[in-house]
Amino acid sequence: MQRIESVVLYYFTGTGNALKAARWICDEAGRRGLSWELHAIDRELRPDASVLSAHTLAGFLYPTHGFNAAPAMLKFIARFPRARGVPAFLLNTRAGGKFFRWVTPGLSGLAQLLPMLLLLMKGFSLCGGLPLDMPSNWVSLHPAYGRRWIEFIVTRCEGVTRKFTGEILAGKRRFGKALASLPVDLAISPIAVLYYLIGRFCLAKTFIYSHNCTMCGICERNCPVGAITIRNGRPYWSFRCESCMRCIANCPEKAVQACHSFLAIIVAVAQVPFTLMIVRELPLLGPLNYPFVRTLVNGYCTLAVTFALYAVLQRLLLFRPVNLFFTYTSLTRYWGTYRAPGITMNDYRTDSLSRRHDTAAPPGVRRNGDHSNR
Ligand SMILES: Cc1cc2nc3c(=O)[nH]c(=O)nc-3n(C[C@H](O)[C@H](O)[C@H](O)COP(=O)(O)O)c2cc1C
Ligand code: SF4
Ligand code: SF4
């Protein structure tokens with residue numbers, strides 16, 4: 001690998017884990033006297049290869065969603081111009097779990113493999129891949145972890161990330177951790193595909209506002225993919241939502257909930273015999289009448305019904321008793337939320353993060369060589 005003179009990182013984050021990892025890497029680069037740039041991927045950022053060269057290390061950091069790279073990152077890499085010979089690495093943050101006193105690893109599935117393939121097709125020269133087991137932020141699935149446990153996992157991940165960065169910057173190639181779980185990752189890849197094609201759209205339709213929403217618009221302004229629109233004066237989650245958990249973690253009124261009773265309705269709808277019957281009997285499928293295709297068609301039928309029911313639900317939520325019912329049957333109301341330690345709302349803003357090392361960094365963003373405020 002050529003001598004590295006600067007580091008350019010592109011990250012997508014929901015609740016700050018990928019951003020924390022990106023900052024540790026910038027810090028390591030700064031310690032070695034290298035310049036760095038940090039770019040948040042959101043609705044504003046356009047891929048630009050002009051800052052990259054054979055002496056620039058490019059890094060792509062993102063959360064794992066449904067055994068995939070976050071869709072925003074996949075789209076960003078897919079749109080990236082060709083960058084021949086530019087060294088690049090991938091870092092996917094995953095759900096580090098808790099089993100008594102042990103940290104359990106998350107599952108990458110295709111989260112490393114697919115972006116690796118895309119980067120190779122773009123001409124990048126891959127030099128590393130790191131799955132990083134940060135605290136899980138999937139609070140619509142499980143209760144948020146306690147502070148002490150979160151601190152423990154984050155400190156552990158900081159050490160792993162700094163070591164990985166040092167090795168990459170020293171010119172070594174590091175794929176061991178990314179490829180260690182390859183058999184499992186390939187085994188769950190069909191689930192990853194189904195999540196990408198169907199599951200994520202269903203999950204996006206489980207978010208609701210509760211009766212204490214003050215219509216401040218913070219969730220709308222801070223959604224990284226512009227998935228929230230205001231309808232009837234209230235937030236509405238469109239199909240663009242990636243379930244990154246940012247809105248649920250940052251609502252000042254704790255008014256965003258993942259609505260488990262509505263999820264139960266969707267699951268019931270998925271069982272509705274007419275959906276299954278339509279597909280089984282569908283003569284149009286003809287030679288394509290395979291289980292995977294039937295699952296897809298079933299999934300999209302269910303999705304269509306889900307979208308329609310969600311539009312109705314949003315209207316009904318304007319009535320206080322209905323809103324109270326769905327709010328109090330949302331487990332997230334009792335489970336708490338997750339945001340990476342030390343990450344505040346301001347840190348998400350693109351304009352505060354896309355900085356060259358030699359410009360003044362705003363509060364919360366460290367300059368090249370400034371090792372304080374970890
Ligand atoms: C909708 C959703 C799906 C997720 N899927 C996975 C997964 O398949 N595998 C995994 O290890 N972690 C999964 N996670 C956990 C996140 O990848 C993990 O908490 C990550 O560190 C969050 O990073 P961020 O704070 O930068 O968004 C999922 C989280 C969410 C919200
Ligand atoms: S951030 Fe919370 S209070 Fe503000 S509009 Fe969104 S849901 Fe309502
Ligand atoms: S709507 Fe909320 S969960 Fe969905 S992408 Fe936007 S911030 Fe993330």
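Atoms within a ligand are numbered from 1 in the order they appear, just like the ligands themselves. Count residues from 1 along the sequence. As a basis for the values below, the full set of heavy atoms in this structure was taken, side chains included, without hydrogen atoms, waters or symmetry mates. Values in this document were obtained by computation on a predicted structure and should not be read as measured data.
- With a 4.0 Å cut-off on non-hydrogen atoms, A204 does not touch ligand 3 at all.
- Any N or O atom pair closer than 3.5 Å counts here, and F67 shares at least one such pair with ligand 1.
- Protein N/O/S atoms closer than 2.8 Å to atom 2 (Fe) of ligand 2, listed by chain and residue number, are C251 SG.
- Atoms of ligand 1 lying under 4.0 Å from any heavy atom of P135, numbered from 1 in the order shown and given with element: 19 (O).
- Ligand 3 has no atom lying under 4.0 Å from any heavy atom of G226.
- In terms of polar-atom proximity, L107 is counted as a contact of ligand 1, with an N or O under 3.5 Å from an N or O of the ligand.
- Heavy atoms of A111 found under 4.0 angstrom from ligand 1: none, in either backbone or side chain.
- Residue, atom and distance of the protein heavy atom nearest to atom 8 (Fe) of ligand 3 are C244 SG, 2.4 Å.
- Only the backbone of M245 comes within 4.0 Å of ligand 3, judged by heavy-atom distances.
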- [ ] Go through the steps for N17 and Y338 under the test side-chain contact (heavy atoms from CB on, under 4.5 Å), then give the verdict.
- [x] CA-CA 10 Å; N17 285 347; Y338 171 79; 2.6 Å; yes
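- Against a heavy-atom cut-off of under 4.0 Å, T13 is close to the following atoms of ligand 1: 24 (P), 25 (O), 26 (O), 27 (O).
- Contacts of R94 with ligand 1, taken as heavy-atom pairs under 4.0 Å, involve both backbone and side chain.
- With a heavy-atom cut-off of 4.0 Å, R234 does not touch ligand 2 at all.
- In terms of N/O distances under 3.5 Å, ligand 1 is not approached by E242.
- At under 3.5 Å, a nitrogen or oxygen of G14, whether backbone or side chain, sits near a nitrogen or oxygen of ligand 1.
- Considering Q257, H260, K254 as possible partners of T332, the one that fulfils the side chain to side chain donor-acceptor pair (under 3.5 Å) test is Q257.
- In terms of heavy-atom proximity, R43 sits nearest to E220 at NH2-O, 3.0 Å.
- The shortest contact between atom 5 (S) of ligand 3 and any protein heavy atom is with E242 N, 3.3 Å.
- Checked by distance only, ligand 1 and C244 stay at 3.5 Å or farther apart across all their nitrogen or oxygen atoms.
- The minimum heavy-atom distance between Y62 and F60, with the atom names listed, is CE2-O, 3.6 Å.
- At a 4.0 Å heavy-atom cut-off, ligand 1 touches Y195 through the side chain alone.
- Residue G16 places a heavy atom less than 4.0 Å from ligand 1.
- Shown in contact with S136 at under 4.0 Å from a heavy atom are these atoms of ligand 1, numbered in order with element: 19 (O).
- Here the heavy atom of the protein found nearest to atom 6 (Fe) of ligand 3 is C223 SG, 2.3 Å.
- Scanning the protein for heavy atoms near atom 4 (Fe) of ligand 3, the closest one is C241 SG, 2.3 Å.
- Ligand-side atoms of ligand 1 in range of S243: 1 (C), 31 (C), range being under 4.0 angstrom from any heavy atom.
- Taking a 4.0 Å cut-off on heavy atoms, S140 fails to register as neighbouring ligand 1.
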- [ ] Might you work through the ring-ring contact (aromatic ring centres under 6.0 Å, His included) test for F89 and F164, ending with a clear yes or no?
- [x] CA-CA 10 Å; F89 71 91; F164 172 81; 5.7 Å; yes
